[in-house]
**Student:** 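Sharing a structure below in structure tokens format, with a few things to ask.
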Amino acid sequence: MTREGCGRLGRTTVGRRVELAGWVHRLRDLGGLLFVDLRDGSGIVQLVVRDLPDAHGLSREDVIRVEGTVALREAPNPALPTGEVEVVVERLEILSHAKPLPFPVDEEEAHASEETRLRYRYLDLRRPRLQRNLRLRHRICSAIRQYLDAQGFIEVETPMLTRSTPEGARDFLVPSRLDPGKFYALPQSPQLFKQILVTSGVERYFQIVRCFRDEDLRADRQPEFTQLDLEMAFLEDPEDLFGLLEGLMVHVFRETIGVELPTPFPRIPYDTAMARYGSDKPDLRFGMEIADVSDLFAGGAFRAFAEAVAGGGAVRALPVPDGAGRSRGELGKLEEAAKGLGLAGLSWIKVADGLSSSIAKHVPEAALQAVVARAEAKAGDLVLLAAGPAAKVALALGELRLRLAREGGLIPAGAWTPAWVVDFPLFKLSEAGSIESEHHPFTSPNDEDLPLLEVEPLRVRAKCYDLVLNGVELASGSIRIHRRDLQERIFRVLGIGPEEAERRFGFFLRALEYGAPPHGGIAFGLDRWVMMLAGERSLREVIAFPKTATGSCPLTGAPAEVDEAQLRDLHIRVEG
RNA sequence: GGGGACGUGGUCUAGGCUGGACUAGGACACCGGAUUGUCACUCCGGAGAUCGCGGGUUCAAAUCCCGUCGUCCCCGCCA
């Protein structure tokens, strides 16, 4: 007799003799009559047990096997998919006993601290919500593979033990036993390997791959995380990739949560994103677009604003729907928040029957009207005004835009607003004042900006793009440099001399010398993607065995001390 | 590296500001008993906590102070 799925029993299986096995979900002992809700991977069904004395010793989460006959219920339970039937048990075998549980596993929401949940992760994962998340994650991966396979991509594995290449984050290091004093690094991404793969004739590569970055954790950041990594040969125009990836997004959304994403996704230049949304990952689920009103205050009587414009800065306006009712106290708090974000101050205009404004004394009514018009504010709205260096104003207003939208409940539930952000700058200024890559050093500059490379590097744009979804950076990629001479020029701008370049990237530069095709690609943060589709707020809810905020694993106790002998083998001595 | 919140039986929590009748209360889980149509079963009874750890203040500390550890959130950091 073969085991059947609890959740597959129903009206059509009445009268059948079945064997079931699973976990005791709940018990209702009425003395002469015992009800057991039996749970397996397919669902839950009610068992009725009579005249089996052993059964009264059952506990929740015991693993049992039963034989019995499917019968129509006297009183159906509409809350249960199998609620029309029950299984009358004739034979019962306890396969494994469960101790009293540290927390209930039959509830949708967790009723235990995260630490307890992670310590008993095998119990936590039995909860329906996490089971759903695991299955959703599998379906997403499955849909990705299905789509990319159909598009001619092949999945190739790259090493986990590799060499440290100076990328943005701190590396996890693995000491070499055979070569004392030397270390492998766990990959922050398979960046150079995938470029070498396309150079090797793998024209369409992808990999669902674990990556490691030794930085502090967040709700949306784990030290080991999974990327959908992807690279194509003969990719010169990002648009060719966008179409393909929009197809991927549409496929995954359709197959997993049944949502139809409209294509094409909007393309938003980086400068526009910063100006209108104050962010390089704009949340397009709601309006509140920031308007530039610098010209309205240039040379005007309100000195704070006029001087900002004269000094090369900007004055920008953020409309707040239905914000006109805010009290002076609330506006004061907003200004405090703005100062915390680096602004010198925050002015406001309330749009009601007439206008009232914190700067009415200094600014003519007509100018205020013009600001309101440009910010597209309606009666009942509030307009916030900030002045200063353009980048600072943009970021601060962008942050306020998000906070006010969240607080005001202006973000529609169930909305999906993907967009491509394009035309990123190639470089940025580090805190120390040196030139750094905005994306990574293998990103190709825009052809027409090449003459600026050594002269005005900060003005060079990159063939670089992010896929942004609901204000979250979901994927990031670029067209790569495929010629050694250009790659060396970039290194020079970055202050990486020929010797250092040879030492760190010699293997890669050589690969570019033997016929490297133009190529490019992208990498998705898979965990975040799953998190969004699952509607979760933390990555830990979509990773089977995640780490705590301090990088520990309460289940296994990692990280942990190791034997002295192991350290000796690795030529490691621990201080202190 | 910085800021904030939290830590009380197995689990979740009340109490904490305003120290004293707190002999630390409740719910769930657990144990014993009853129970033949329940489905969050019900009813009766029971056991289980030196209030994360260390120090201090005080006649007296779960409660106030300092330190430390752990968890969570945020800033920095994350090409």
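Lettering of chains follows the sequences in order, A, B, ..., and the numbering in each one begins at 1.
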**Student:** I'd like to know if R121(A) pairs up with E114(A) as an ion pair, taking the criterion as any Lys NZ or Arg NE/NH1/NH2 lying under 4.0 Å from an Asp or Glu carboxylate oxygen.
**Tutor:** no
**Student:** Taking only the C1' atom of each, what is the distance from C30(B) to C12(B) in whole angstrom?
**Tutor:** 15 Å
**Student:** Only distances under 3.5 Å count here; give the side-chain donor-acceptor pairs of residues 552-562 of chain A to other protein atoms, sequence neighbours excluded, each with its distance to 0.1 Å.
**Tutor:**
residue : atom : partner : partner atom : Å
S552(A) : OG   : T548(A) : OG1          : 2.9
T556(A) : OG1  : A558(A) : N            : 3.2

**Student:** Taking OP1 and OP2 of U38(B), is either one under 4.0 Å from a side-chain nitrogen or oxygen of R28(A)?
**Tutor:**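 The answer is no; no side-chain N or O of R28(A) sits under 4.0 Å from OP1 or OP2.
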**Student:** With the threshold set at under 4.0 Å for non-hydrogen atoms, list the residues of residues 206-217 of chain A touching RNA chain B in residue-number order.
**Tutor:**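 Within this stretch, R213(A), E215(A), D216(A) sit under 4.0 Å of the strand.
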**Student:** Between A61(B) and C72(B), how far is it from one P atom to the other, in whole Å?
**Tutor:** 33 Å
**Student:** Which base, if any, makes a Watson-Crick or G-U wobble pair with C72(B), both distances under 3.5 Å?
**Tutor:**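 Paired with C72(B), as far as the under-3.5 Å criterion goes, is G4(B).
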**Student:** Enumerate all atom pairs, one protein N or O and one N or O from nucleotides 12-16 of chain B, separated by less than 3.5 Å.
**Tutor:**
residue : atom : partner : partner atom : Å
C12(B)  : OP1  : S113(A) : N            : 2.7
C12(B)  : OP1  : S113(A) : OG           : 3.3

**Student:** Please classify the nucleic acid contact of E86(A) as base, sugar-phosphate, or nothing, using heavy-atom distances under 4.0 Å.
**Tutor:** base
**Student:** Enumerate all atom pairs, one protein N or O and one N or O from nucleotides 30-35 of chain B, separated by less than 3.5 Å.
**Tutor:**
residue : atom : partner : partner atom : Å
U35(B)  : O2   : D29(A)  : O            : 3.4
U35(B)  : N3   : D29(A)  : O            : 3.1
U35(B)  : N3   : G31(A)  : N            : 3.2

**Student:** Could you list the protein-to-nucleotides 67-70 of chain B atom pairs, N/O on both sides, closer than 3.5 Å?
**Tutor:**
residue : atom : partner : partner atom : Å
G70(B)  : O2'  : E115(A) : OE1          : 3.2
G70(B)  : O2'  : E115(A) : OE2          : 3.1

**Student:** In terms of side-chain geometry, is the basic nitrogen of R137(A) or D527(A) positioned less than 4.0 Å from the acidic oxygen of its partner?
**Tutor:**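 Salt bridge present between R137(A) and D527(A).
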**Student:** Hey, does A219(A) reach any base, or is it just sugar-phosphate, or nothing, if we go heavy atoms under 4.0 Å?
**Tutor:** sugar-phosphate
**Student:** For R26(A), which contact category applies under a 4.0 Å heavy-atom criterion: base, sugar-phosphate, or nothing?
**Tutor:** sugar-phosphate
**Student:** For R540(A), report the nucleic acid contact type (base, sugar-phosphate, nothing); a contact means any heavy atom under 4.0 Å.
**Tutor:** sugar-phosphate
**Student:** Verify the distance criterion only: is there a donor paired with an acceptor across the side chains of Q207(A) and T158(A) at less than 3.5 Å?
**Tutor:**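 Result is yes, a qualifying pair exists.
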**Student:** For C30(B), what is the paired nucleotide under Watson-Crick or G-U wobble rules, both distances under 3.5 Å?
**Tutor:**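 Checking every strand shown, C30(B) finds its partner in G46(B), with both distances under 3.5 Å.
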**Student:** Please give me the minimum heavy-atom distance between R73(A) and Q46(A), naming the atom from each residue.
**Tutor:**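 Closest approach of R73(A) to Q46(A), heavy atoms only: NH2-CB, 3.3 Å.
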**Student:** Just say parallel, tilted or perpendicular for the rings of Y122(A) and Y120(A), cut-offs at 30° and 60°.
**Tutor:**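 Perpendicular, since the angle between the ring planes exceeds 60°.
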**Student:** Taking the nucleotide of RNA chain B with the closest heavy atom to each, which residue, E436(A) or F35(A), is nearer the 5' end?
**Tutor:**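 Closest to the 5' end, via its nearest nucleotide, is F35(A).
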**Student:** Only pairs with both distances under 3.5 Å count, Watson-Crick or wobble alike; so what is the partner of G67(B) in this structure?
**Tutor:**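 Base-paired to C53(B).
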**Student:** Now, which nucleotide makes the Watson-Crick or G-U wobble pair with G9(B), with each of the two distances under 3.5 Å?
**Tutor:** none
**Student:** Is there a residue in residues 8-15 of chain A whose heavy atoms reach under 4.0 Å of RNA chain B, and which residues are they?
**Tutor:** none
**Student:** Would you mind classifying the nucleic acid contact of E438(A) as base, sugar-phosphate or nothing, using non-hydrogen atoms under 4.0 angstrom?
**Tutor:** sugar-phosphate
**Student:** Taking the same atom, P, in C53(B) and in A62(B), what whole-Å distance lies between them?
**Tutor:**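 Rounded to whole Å, the distance is 11 Å.
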**Student:** On RNA chain B, nearest-nucleotide positions of L33(A) versus K428(A): which is more 5'?
**Tutor:**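 In this pair, the answer is L33(A).
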